[in-house]
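Only one structure is covered here, and it is reproduced in the block below.
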Amino acid sequence: MRGKIVTDSLGQARQLGQCLARGGEGEIYALRGRADVIVKWYYPEVLDKRGAALHRKVEAMRELRDTHTTRDVCWPLIRVFDHEQRWIGFAMYRARGVKMGCLAHSLLYARHFPDLDRRQIVGYLLRFIEIVQQLHGDGICIGDYNLNNVFCVPGSDSVTLIDCDSYQLRVGGTFYPCPVGSPDMTPKEHQGKAFRDIVRTPRSEAFSLAIVLFKCLMLGRHPYDIVGGGDPVRNLRRGHFAYGRGQRGVPQGDWYALWQALPEAIQEHFVTTFTEGADQPARRTTLAQWQAALSAYGERLDRGECPRELAGAGRTPAGRTRHVR
Ligand SMILES: Nc1ncnc2c1ncn2[C@@H]1O[C@H](COP(=O)(O)OP(=O)(O)OP(=O)(O)O)[C@@H](O)[C@H]1O
Ligand SMILES: [Mg+2]
């Protein structure tokens with residue numbers, strides 16, 4: 001078993017608590033005496049292979065940190081070394097809340113987010129967009145959009161991002177790519193390439209972000225899931241969005257009801273982004289446009305002009321969905 005004592009940037013010995021989670025690249029440990037701080041310890045094989053490059057990137061990130069990256073994003077704050085003084089990772093704040101993947105889920109949301117309604121979903125999404133806009137303002141791209149890297153506190157609109165060591169950034173003339181991603185969250189122009197060779201842009205980010213928005217407002221449904229149709233990545237590459245104009249292939253029943261409950265302006269942004277925008281990045285709704293559209297939607301929900309409740313939504317078993325003509 002690995003030693004549980006690490007040394008921080010100041011050369012002070014610190015004791016790790018239990019292992020809280022395991023990711024693809026490392027383990028997350030509690031830090032004794034600091035319930036609000038955790039340590040990411042990269043796996044030995046990751047350190048052997050890419051340790052020097054990872055260390056340089058994390059150091060560059062530490063240089064960039066400021067108030068918003070410290071609290072809204074779990075940014076690397078403190079270097080951590082093992083008992084032989086080798087760099088093994090970093091300490092960061094611990095995110096509070098529940099993963100957005102549990103919110104964007106037709107069965108799980110009720111357990112993790114009691115009383116969730118559309119107003120709350122819009123509140124989380126507005127906060128999420130605000131944080132991403134702040135990052136973009138600093139020249140940082142998320143790249144690897146993943147609902148499990150967004151923590152939401154039930155009953156509030158608090159949102160915190162994790163897993164930021166994969167972000168794309170530029171510091172002092174050096175470019176640090178986002179080397180990971182998943183095809184079903186990646187726009188067409190970046191499909192089929194090694195993630196480490198991709199340069200993410202505000203337009204590519206807008207596409208991936210729109211998928212996050214859609215999945216939350218549609219309780220987990222992927223925009224390119226078409227009942228009886230091809231797989232989402234194939235549909236994404238072709239711009240086959242079932243909810244598009246003409247509405248061919250929209251899953252019937254509760255999914256359709258969720259879509260119908262959205263104001264026309266929001267529907268239009270999705271349709272444009274996922275049809276013309278699949279091929280033409282300039283057609284995608286920008287973050288500022290989403291911010292405006294969702295703020296307006298939030299105000300309409302506050303005034304009682306749109307349905308707030310999700311009741312009954314998304315409970316149709318997958319096998320019972322039908323095509324619409
Ligand atoms: N700051 C944090 N606050 C709370 N939990 C965290 C934090 N960072 C990581 N975790 C937990 O640890 C898990 C793994 O962390 P992380 O995603 O950073 O690891 P990774 O090795 O980069 O994984 P991946 O291969 O998915 O990118 C997360 O899914 C989450 O459950
Ligand atoms: Mg990661």
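Both counts, for ligands and for their atoms, begin at 1 and track the order of listing. Given the structure is predicted, the values throughout are model-derived calculations rather than measurements.
Here D163 reaches the Mg ion (ligand 2): one of its N/O/S atoms is less than 2.8 Å from the metal.
Counted within 6.0 Å of CG on D115, heavy atoms from surrounding residues, nucleotides or ligands total 12 or fewer; the atom is thus considered open. Counted within 6.0 Å of CZ on R94, heavy atoms from surrounding residues, nucleotides or ligands total 12 or fewer; the atom is thus considered open. For R111, the CZ atom is loosely surrounded, since the number of other residues' heavy atoms within 6.0 Å does not exceed 12. R32 CZ: more than 12 foreign heavy atoms inside a 6.0 Å radius.
Judged by distance alone, with hydrogens and angles left aside, the side-chain atoms of W75 form a donor-acceptor pair with the main-chain N or O of M61 at under 3.5 Å.
For atom 25 (O) of ligand 1, the closest heavy atom belonging to the protein is G24 N, 3.0 Å. Protein heavy atom in closest approach to atom 21 (O) of ligand 1: E25 N, 2.6 Å. Regarding atom 13 (C) of ligand 1, its nearest protein heavy-atom neighbour is A21 CB, 3.7 Å. Protein heavy atom in closest approach to atom 8 (N) of ligand 1: M92 CE, 3.6 Å. Remark: minimum distance from atom 19 (O) of ligand 1 to any protein heavy atom is reached at K40 NZ, 3.3 Å. The protein heavy atom nearest to atom 4 (C) of ligand 1 is A95 N, 3.5 Å. Closest to atom 5 (N) of ligand 1, if we only count protein heavy atoms, is F151 CZ, 3.9 Å.
Between N148 and ligand 1, a contact under 3.5 Å exists for no N or O pair. Ligand 1 has no N or O atom lying under 3.5 Å from any N or O atom of R94, backbone or side chain. Between D163 and ligand 1, a contact under 3.5 Å exists for at least one N or O pair.
Nearest-heavy-atom check against atom 7 (C) of ligand 1 across I38, I28, D144 picks out I38.
Distances shorter than 4.0 angstrom occur between a heavy atom of I162 and an atom of ligand 1. Close to ligand 1: G26, with a non-hydrogen atom less than 4.0 angstrom away. Within the 4.0 Å heavy-atom cutoff, K99 counts among the residues contacting ligand 1. Proximity of Y93 to ligand 1 is established by a heavy-atom distance of less than 4.0 Å.
At a heavy-atom distance under 4.0 Å, only side-chain atoms of C74, from C-beta outward, approach ligand 1.
Taking the six-membered ring for Trp and thresholds of 30 and 60 degrees, H55 and W87 have nearly parallel ring planes, at less than 30 degrees apart. The aromatic rings of F270 and W290 are tilted relative to each other, their planes meeting at an angle between 30° and 60°. Using cut-offs of 30° and 60° on the angle between ring planes, the pair W41 and Y29 is tilted. Between Y124 and F113, the two ring planes are perpendicular [angle over 60°; tilted spans 30° to 60°]. The aromatic rings of F274 and F214 stand perpendicular to each other, their planes meeting at an angle above 60°, with 30° marking the opposite boundary.
Contact record, R71 with T160: O-CG2, 3.8 Å, taken as the closest heavy-atom pair.
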